[in-house]
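Here is the structure we will look at, set down as structure tokens.
Each chain gets a letter, A, B and so on, in the order the sequences are listed, and its residues count up from 1. Side chains are part of it too, since the values below use all heavy atoms of this structure and drop only hydrogens, waters and symmetry mates. Just so it is clear, the model here is predicted, and its values are computed rather than measured.
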Protein chains: 2
Amino acid sequence: MTVWDRPEPPDRPVPLDRERIVAAALSLADEGGLEAVSLRKVAARLNAGPMRLYGYIATKEELFDLLVDEVYAEVLPEERTDEWREALRTLAHRTRRAALRHEWLADLLGGRPTLGPNGLAVAEAMLSALDGLADVDTVMRAVGTVNAYVIGAIRGEIANLRAERATGLSKRDWQRAAGPRLSRALATGAFPALSKAVYDGTDVDPETTFATGLDWVLDAVAAKLTRSSA
Amino acid sequence: MTVWDRPEPPDRPVPLDRERIVAAALSLADEGGLEAVSLRKVAARLNAGPMRLYGYIATKEELFDLLVDEVYAEVLPEERTDEWREALRTLAHRTRRAALRHEWLADLLGGRPTLGPNGLAVAEAMLSALDGLADVDTVMRAVGTVNAYVIGAIRGEIANLRAERATGLSKRDWQRAAGPRLSRALATGAFPALSKAVYDGTDVDPETTFATGLDWVLDAVAAKLTRSSA
DNA sequence: CTCATGGCGATACACTGTATTTCTCCCTTA
DNA sequence: TAAGGGAGAAATACAGTGTATCGCCATGAG
């Protein structure tokens with residue numbers, strides 16, 4: 001067998017590593033959501049068989065953990081902010097924007113403890129922003145509360161965003177008219193407060209909603225900090 | 001062919017309805033988590049073929065929506081509370097307890113707008129608790145913020161609970177010693193604030209943590225209400 | 001040159017959600 | 001009463017999934 005009729009080596013097996021695997025999975029997720037991420041497809045992007053991946057990750061769940069941590073890298077601010085409130089606000093908004101860039105993040109956020117290096121770094125950033133302003137337990141509570149709000153708010157925002165997209169209508173029109181169940185339910189008069197909210201409420205853009213709620217929570221934190229540090 | 005050697009009619013096809021389907025799915029989810037819910041298994045519990053279900057639900061996602069709404073029925077309090085703060089607190093705690101009874105709820109909470117009758121009723125209850133205490137937009141913000149906290153907090157609590165169970169260790173021991181990544185990361189000294197929190201923080205039970213954070217958020221709401229109603 | 005070894009691809013398995021086809025039984029009509 | 005039709009259930013089918021196992025082949029050592 002001569003060299004030119006050799007069956008054309010179909011891409012010499014490139015060495016793999018977690019980074020390349022995560023990058024492939026991330027692009028798949030960004031393009032088609034979490035459900036578009038299958039080990040076969042990830043492996044295919046790397047010219048490898050599905051089983052190759054198991055040399056680097058133990059399970060698909062672990063791959064998801066790595067994905068989340070990869071995005072947490074985008075959350076970390078480039079420079080440290082001294083003012084605790086501004087620091088927390090920045091982290092929250094950066095998390096939100098990361099979730100808007102990678103919508104699938106909403107499905108994973110808060111789903112399991114974030115133990116990757118970047119997730120830990122984000123936790124460290126939040127904790128250190130409050131360090132010294134109150135006793136340890138209060139600081140932990142504060143971080144936990146802010147985190148809970150951020151995760152819940154982001155989930156909700158993305159859920160609405162998807163619902164709007166699915167119906168192709170603006171949020172307002174969707175609430176008002178389309179949603180068959182909702183409009184019928186409201187018409188029964190069984191939900192007066194809900195009706196009032198839907199019909200009389202002004203709809204503000206999601207960013208402002210997020211920011212306002214966040215400020216409320218930060219207000220609450222501020223109150224506890226002063227009380228505890230005084 | 002005589003009557004006794006007839007091949008034994010294998011359970012005359014019982015008529016189905018959404019209620020029975022949801023009940024079967026719910027028990028499966030309670031026993032084995034969301035991933036134990038497959039249309040085949042649900043159908044099997046009802047002595048039916050998988051395709052039968054499609055006469056009552058359009059897709060598996062819709063079944064999940066029904067599941068969530070079923071649990072929201074458990075969240076609705078039996079009697080109305082007049083004091084807004086107590087009303088919101090009750091709803092939040094009832095949601096949390098429902099999630100502890102049905103851990104899979106944490107995976108679904110906030111994942112999509114809750115448009116089922118019970119979900120709407122819960123929303124109505126929250127909104128009506130605040131009705132008249134502030135302008136519509138403030139009320140909506142308040143409900144949204146509290147909801148975001150509740151969802152995020154529940155998700156986090158269940159995530160921790162699962163992590164503990166997976167390692168079989170108490171939360172404290174797990175944080176301190178086991179988690180291989182965590183302990184190594186902390187040992188590097190790169191996360192001083194995190195280390196302090198893990199080592200010096202007292203661990204309180206999850207219910208108290210939830211209640212405290214909730215109170216903070218409710219404090220924030222109270223502040224906005226008085227300002228806006230004054 | 002031979003042999004062992006380790007990594008890789010192929011194969012296999014049990015299972016998933018769902019589309020489509022086939023069958024069966026009951027009701028209507030002649 | 002016999003035949004035809006229609007609905008609803010069941011069986012089959014398909015394209016995919018995560019992951020366990022097996023067998024090969026190339027590359028190292030002796």
Side-chain angles (χ1 to χ4, degrees), chain A residues 1 3 6-22 24-29 31-68 104 107-108 111-112 166, chain B residues 1 3 5-22 24-29 31-68 104 107-108 111-112 162 166:
Chain A
M1 178 187 277
V3 67
R6 200 169 324 170
E8 171 116 12
D11 282 330
R12 172 58 53 126
V14 174
L16 245 48
D17 59 0
R18 281 162 97 102
E19 269 193 55
R20 286 171 45 80
I21 292 175
V22 168
L26 198 148
S27 69
L28 274 169
E31 291 162 21
L34 262 200
E35 65 192 343
V37 179
S38 86
L39 296 186
R40 284 169 160 87
K41 284 190 264 199
V42 170
R45 291 230 168 171
L46 303 165
N47 296 339
M51 285 303 112
R52 255 305 281 286
L53 303 184
Y54 283 91
Y56 305 88
I57 59 174
T59 174
K60 194 190 183 181
E61 299 253 298
E62 185 178 321
L63 176 57
F64 281 167
D65 286 350
L66 295 177
L67 268 185
V68 172
W104 49 267
D107 303 319
L108 262 24
R112 71 178 63 217
Chain B
M1 179 187 276
V3 68
D5 65 53
R6 200 169 323 169
E8 170 118 11
D11 282 330
R12 172 59 51 128
V14 174
L16 245 48
D17 59 359
R18 281 162 96 102
E19 268 192 55
R20 287 170 45 79
I21 293 175
V22 169
L26 198 147
S27 69
L28 274 169
E31 291 162 20
L34 263 200
E35 67 192 343
V37 179
S38 85
L39 295 186
R40 283 169 160 86
K41 283 189 266 200
V42 170
R45 292 229 167 172
L46 304 166
N47 295 336
M51 285 301 113
R52 274 254 334 260
L53 303 185
Y54 283 92
Y56 305 87
I57 58 173
T59 175
K60 195 190 184 183
E61 300 253 301
E62 185 177 321
L63 176 57
F64 282 168
D65 286 351
L66 295 176
L67 269 185
V68 171
W104 49 267
D107 303 319
L108 262 24
R112 71 179 63 216
R162 285 173 176 158

Candidate pair Asp17(B) and Arg20(B), rule side chain to side chain contact (heavy atoms under 4.5 Å, CB included), full reasoning:
CA-CA 6 Å; Asp17(B) 59 359; Arg20(B) 287 170 45 79; 3.2 Å; yes
For nucleotides 19-23 of chain D, print each protein N/O atom paired with a nucleotide N/O atom at under 3.5 Å, atom names and distance only.
| residue | atom | partner | partner atom | Å |
| --- | --- | --- | --- | --- |
| dT19(D) | OP1 | Thr59(A) | OG1 | 3.0 |
| dT19(D) | OP2 | Tyr54(A) | OH | 2.6 |
| dT19(D) | OP2 | Lys60(A) | N | 3.1 |
| dT19(D) | O5' | Tyr54(A) | OH | 2.9 |
| dT19(D) | O4 | Arg40(A) | NH2 | 3.4 |

Ignoring hydrogens and angles, tell me if any N or O in the side chain of Arg18(A) forms a donor-acceptor pair with the backbone of Ile57(A) under 3.5 Å.
no
Rounded to whole angstroms, how far apart are CD on Glu35(A) and C1' on dT16(C)?
13 Å
Asn47(B) CG to dA10(D) C1': how many Å, rounded?
14 Å
What does Val37(A) touch in the nucleic acid at a heavy-atom separation under 4.0 angstrom: a base, only the sugar-phosphate, or nothing?
sugar-phosphate
Set of side chain to side chain donor-acceptor pair (under 3.5 Å) partners for Ser27(A), sequence neighbours left out:
Arg45(A)
Note: Arg112(B) and Asp65(B) closest approach over all heavy atoms is CD-OD1, 2.7 Å
Describe, as an angle rounded to 10 degrees, how the axis at the first end of the helix from dC1(C)-dG30(D) to dT28(C)-dA3(D) is tilted relative to the axis at the last end, five pairs per end.
30°
Atom OH of Tyr56(A) and atom C1' of dG6(C) are separated, to the nearest Å, by 12 Å
Shortest non-hydrogen separation from Val37(A) to Ala25(A) and the atoms involved
CG2-O, 3.8 Å
In whole Å, I'd like the distance from the CG atom of Leu53(B) to the P atom of dG8(D).
16 Å
Between CZ of Arg52(B) and P of dT22(C) the distance, given in whole Å, is 21 Å
Quick check for you: to the nearest 0.5 Å, what is the distance between Lys60(A) atom NZ and Leu39(A) atom CG?
6.0 Å
Which pair of non-hydrogen atoms, one from Pro50(B) and one from Arg40(B), has the smallest distance, and what is that distance?
CG-CG, 3.7 Å
From CG of Leu34(A) over to P of dG18(D), roughly how many Å is that when rounded to an integer?
12 Å
Nearest-0.5 Å distance, CG of residue Leu53(B) to OG1 of residue Thr59(B)
11.5 Å
